[in-house]
Amino acid sequence: MDYKGTLNLPKTAFPMKGNLPQREPEFLSRWAEQRLYQRIQESRKGKPLYVLHDGPPYANGHIHIGHALNKILKDVIVKSRTMEGYRVPYVPGWDCHGLPIEHQVAKQLGAKKKETSATELRRLCREYAEKFYAVQRDEFQRLGVFGDWDHPYLTMTKDYEAAIIREFGKFVEQGGVYKGLKPVLWCTRDQTALAEAEVEYANHTSPCIYVKFPFISAPQERFGLGGLAEVEQVSLVIWTTTPWTLPANQAVALHPDIDYAFLRVGNEVVVLAEKLIDEVSRACRLDNPSIIGTRKGKDGFEGMVCRRPFTLGGSGQAQGRSPIVLGDFVTLEQGTGCVHIAPGHGMEDYLLALKYNAETATGVLTEPLQVVVPVDDNGCLTSEVPEFAGQHVLQADPEIVNHLQRLGVLVGQGTLEHSYPHCWRCKKPVIFRATQQWFVSMGKGRLRERALEEIDRVQWIPARGRDRIHGMIANRPDWCLSRQRLWGTPIPGFICTTCQSPLVDVTIIAAIADLVGEHGADVWFQRSANELLPGTTTCATCGGTEFKKEQDILDVWFESGVSHAAVVKPRGAEWWPADLYLEGSDQHRGWFHSALLASVTTDGRAPYRAVLTHGFVVDGQGKKMSKSAGNVVAPQDVMTQYGAEILRLWVAAQDYQEDLRISPQILKQLMETYRKIRNTCRYLLGNVDGFDPHDPAHRIDVHQLPELDRWALLRFNNVIRNVRKGYEEFDFRQIVHELDYFCSVDMSATYLDMLKDRLYTFPKESPVRRGSQMVLFTIVTGLAQLMAPILSFTAEDVWDALPGNAHASSLADSVHLSTFPEPLALPNQDDLEARWKQLLTVRTVVMGALEKGRRENVIGSSLDARVVLNVVPTLYQFLQAYEQDLPTVLIVSQAVLHPTDHPSGETHLTDDAALGISVNVVKAEGRKCERCWNYRVSVGRAPQHPTLCHRCVEAVT
RNA sequence: GGGCCUAUAGCUCAGAUGGUUAGAGCGCACGCCUGAUAAGCGUGAGGUCGAUAGUUCAAUUCUAUCUAGGCCCA
């Protein structure tokens with residue numbers, strides 16, 4: 001007779017294979033139809049608000065793995081806080097303005113760009129941004145990210161642009177906005193500023209010259225070198241490849257730690273880096289130089305003054321005077337170790353000047369260093385350098401060299417072929433040239449200090465983020481707000497055509513903001529200055545009434561930096577400041593930084609209570625991903641091959657505070673973890689078949705449950721606590737490990753394995769079996785909820801498969817509408833845990849013995865075994881209470897206990913001295929019951945069921 | 001070159017005010033089962049805790065240097 005039909009074997013529609021790439025889109029469309037996100041928000045009305053303010057990705061191209069990481073992390077937080085009972089809206093945003101899009105559009109236009117109007121170009125940029133924002137939106141949704149995707153914020157909408165201008169107005173009102181000079185890359189042919197991304201590096205041959213800067217300050221006393229008194233002149237020797245920048249010279253920089261040699265050459269002394277003597281001597285054919293001494297850069301040079309070859313710039317006594325300063329950027333790679341500093345024509349020069357000017361008050365220099373720019377838009381020297389006025393700088397170079405020769409300061413000359421920036425459009429060499437820019441002062445209104453104070457009021461996760469942003473804010477120069485571009489928000493300023501004075505006025509800006517709110521920022525480009533200005537506007541300086549518009553747009557970091565004002569604040573007082581900003585660690589320099597400065601300026605405090613940062617995605621070797629290295633992992637590919645769920649699991653399983661590795665091996669392993677969790681759920685579901693959570697007969701009082709079931713519940717209680725703690729602390733790794741361990745060890749290998757006999761062979765309605773089913777139901781329901789923020793698709797899949805579920809019951813029709821489970825109150829939980837820990841240790845010893853028995857062909861299945869446990873008295877006392885349960889716990893047919901002082905046995909012995917146990921494994925007594933596979937002496941006693949044991953006879957009759 | 005950071009089994013992660021044989025899950029090998037079956041169970045092998053030097057009775061843990069790697073800046 002076939003007794004298999006009398007067993008209660010697991011049964012479920014829940015498939016073993018997730019089939020994620022196909023099934024995920026089905027869940028997505030169902031959630032969309034259900035308007036699930038909106039329903040979740042409605043269901044949390046009146047609950048405490050938790051605001052995670054989305055940092056806007058740039059609307060350019062498809063999403064990459066870093067985007068996926070960022071959005072999944074946010075989604076896990078949004079979902080887990082929601083399931084903790086908070087109201088957690090998620091408003092995604094996009095950064096739409098800026099150079100990369102403008103650059104792309106200009107590239108596509110090619111030669112036609114010249115005939116394209118500003119408005120038309122902006123229209124094309126807008127189209128471009130719209131296209132990619134939609135692409136990214138769909139890709140983010142595909143990841144299973146919940147949010148208000150129908151109402152995102154875009155930095156190019158009228159509202160947002162108006163908000164940008166209003167915030168700029170507040171900056172002006174605070175008084176920190178000013179116009180000043182700053183070097184930019186400049187194409188003299190196209191007469192335009194270029195961004196770093198708009199230059200191409202190509203080989204270029206430059207002159208290189210060595211020029212003497214004679215000391216004006218008496219060096220003899222300062223350095224105490226006897227030889228100096230005997231010579232006619234002591235000079236620093238500088239080296240440069242841009243002779244045309246010498247008129248703008250303001251200083252000479254030495255490295256503090258480099259050794260500088262005083263070289264006697266004929267009847268004078270020249271000073272240059274000791275290590276470069278040979279090279280310079282060769283290049284300049286120095287006649288028999290001899291070292292009369294060396295000094296480090298920091299030993300006495302700083303603040304001394306040399307004579308520079310041109311007298312332009314500065315005023316009064318500063319004319320022709322070039323002080324010596326110290327700079328860490330000076331190297332020994334080329335030149336002389338003495339660097340000619342022209343703040344108007346070099347970034348490092350400029351920053352060094354700012355640094356020294358800030359210290360002028362402390363007396364390092366007597367006068368501030370000037371940002372001098374004797375070069376016009378065409379790249380021609382101006383009348384400030386009368387000798388060469390009107391000549392293009394690159395053409396003027398040879399004549400300047402001749403001039404230096406005549407002055408007797410040229411030490412040597414040659415040419416150098418090197419990599420040099422060229423304009424991406426006209427391919428001509430570009431120059432560094434300071435131009436008028438808009439700035440926000442870090443000093444005015446104590447912006448820097450206040451920002452630093454705010455940093456310490458914010459929670460930085462990980463904590464080192466605090467040091468990183470603190471260092472940046474402490475050291476950064478004034479914020480340059482202007483960009484010489486079209487695709488952005490205009491700086492609402494004007495210039496008097498009569499006297500060239502700038503006009504920035506709070507009232508006028510407010511009016512412009514209203515106009516932009518109505519028409520969008522295009523209005524600035526479409527209307528003339530007089531149309532934009534109120535009719536009565538007059539210049540405060542000269543009384544003029546004619547103005548021209550400011551041509552520049554705002555730095556995009558300003559735009560995203562004010563998102564707290566454009567997006568968060570308008571939604572309600574309780575929204576601001578946001579609870580959390582979450583981005584990659586590069587945003588310490590970017591968004592966290594600009595948002596902090598913006599918010600401190602306009603609102604006096606940080607716009608976030610906490611900032612969480614993640615690392616960058618690297619390949620399996622920890623190397624940066626790049627097309628050329630061929631190690632790029634695209635989220636789209638992972639989704640096609642494994643599903644978004646695996647990507648979500650990957651995010652959760654990795655330590656996101658460091659760099660995150662991804663590789664085929666890692667994904668394969670995650671797939672294994674996923675399968676384990678999925679399969680455990682499937683088995684749980686299969687065994688709650690026939691269980692009805694609403695049937696009182698199926699609900700067994702916890703106190704009535706056998707210890708084994710209570711142990712399972714207590715383990716699950718643990719999981720509930722740890723997983724919720726993990727979400728609370730943003731420690732998602734812990735959650736994955738917790739779920740994995742619970743499914744693999746506590747459930748699959750322990751509880752479920754022990755439970756099989758009971759579930760399969762006991763009568764369907766037996767209270768013990770129903771009790772176990774109730775436990776299984778509790779666990780699988782809770783498991784679905786606990787995994788939902790990470791495994792959002794699978795959790796819903798499990799939810800659907802719960803018996804008596806969803807539509808017909810009290811359960812919500814989506815797991816995402818539910819809240820996390822609470823731990824169950826269990827009697828004597830700690831005691832129970834301790835005792836079962838002991839019991840499971842005994843089990844491990846027995847498993848070892850059984851394995852030995854298997855190897856020696858005494859048994860195959862563990863049910864073939866009878867185990868004899870010889871144990872010391874204390875352990876005997878403990879185990880006695882479980883004697884009835886031992887066959888279940890050990891999954892053997894028979895288990896007997898023997899007290900002994902010296903545990904040892906003869907057959908298949910396994911000793912565990914520490915525990916005081918030895919185990920004998922022998923063939924079980926009796927015959928194997930055909931139905932339950934246990935060996936029992938009762939098999940054969942019932943004539944009508946000759947192959948069954950007494951228990952099964954009972955069960956089938 | 002400067003700032004911030006990382007390095008523990010094949011993989012993902014634990015770990016210790018410095019103190020016995022450094023843990024887990026997965027993977028792997030071997031075996032069992034065939035009533036979770038493109039499943040399940042068991043046993044086992046894997047680590048000079050990135051390298052070197054120093055402090056110490058004792059360092060994987062502290063310090064320095066180096067190597068490799070990441071972000072930002074120059």
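Residue numbers begin at 1 in each chain, while the letters A, B, ... track the order of the sequences.
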Considering only the [atom1] atoms, how many Å lie between [N] and [M], rounded to the nearest integer?
N      : M      : atom1 : result
C30(B) : G35(B) : C1'   : 25 Å
G50(B) : A7(B)  : C1'   : 6 Å
C28(B) : G10(B) : C1'   : 8 Å
U60(B) : U48(B) : C1'   : 10 Å
U65(B) : A24(B) : C1'   : 34 Å
U61(B) : U17(B) : C1'   : 11 Å
A9(B)  : C73(B) : C1'   : 37 Å
A51(B) : C11(B) : C1'   : 23 Å

Please determine whether any donor N or O and acceptor N or O are separated by less than 3.5 Å between the side chain of Ser748(A) and the base of A36(B).
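When only heavy-atom distances are counted, Ser748(A) does reach the base of A36(B) through a donor-acceptor pair under 3.5 Å.
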
Between the base of C11(B) and the side chain of Arg661(A), is there a donor and acceptor pair under 3.5 angstrom?
no

Measure from the side chain of [X], starting at C-beta and using heavy atoms only, and say which of [options] lies closest.
X         : options                : result
Arg855(A) : G42(B), A24(B), U34(B) : G42(B)
Lys756(A) : A36(B), G69(B), U12(B) : A36(B)
Glu348(A) : A74(B), U34(B), G42(B) : A74(B)
Asp753(A) : C72(B), C26(B), G40(B) : G40(B)
Ile666(A) : U12(B), C72(B), U37(B) : U12(B)

Can you check whether [X] reaches [Y] side chain to side chain, under 4.5 Å on heavy atoms?
X         : Y         : result
Ile677(A) : Thr794(A) : no
Asp655(A) : Arg661(A) : no
Asp709(A) : Leu755(A) : yes

Under 3.5 Å, is there a donor-acceptor pair between the Arg931(A) and Thr6(A) side chains?
yes

Taking atom types as modelled, is there a side-chain donor on Asp555(A) or Trp479(A) under 3.5 Å from an acceptor on the other?
yes

Please determine whether a side-chain nitrogen or oxygen atom of [X] lies at a distance below 4.0 Å from atom OP1 or OP2 of [N].
X         : N      : result
Arg682(A) : U37(B) : yes
Lys4(A)   : G35(B) : yes
Tyr674(A) : C26(B) : no
Lys676(A) : G40(B) : yes
Lys624(A) : C71(B) : yes
Gln665(A) : G10(B) : no

[N] - base-pair partner by Watson-Crick or wobble geometry, distances under 3.5 Å:
N      : value
U20(B) : none
A59(B) : none
C26(B) : G10(B)
A51(B) : U65(B)
G35(B) : none

Mind checking the CD1-NZ spacing from Ile859(A) to Lys852(A)? Nearest 0.5 Å is all I need.
12.5 Å

May I ask you to say what Asp655(A) touches in the nucleic acid, namely base, sugar-phosphate or nothing, with a heavy-atom cut-off under 4.0 Å?
sugar-phosphate

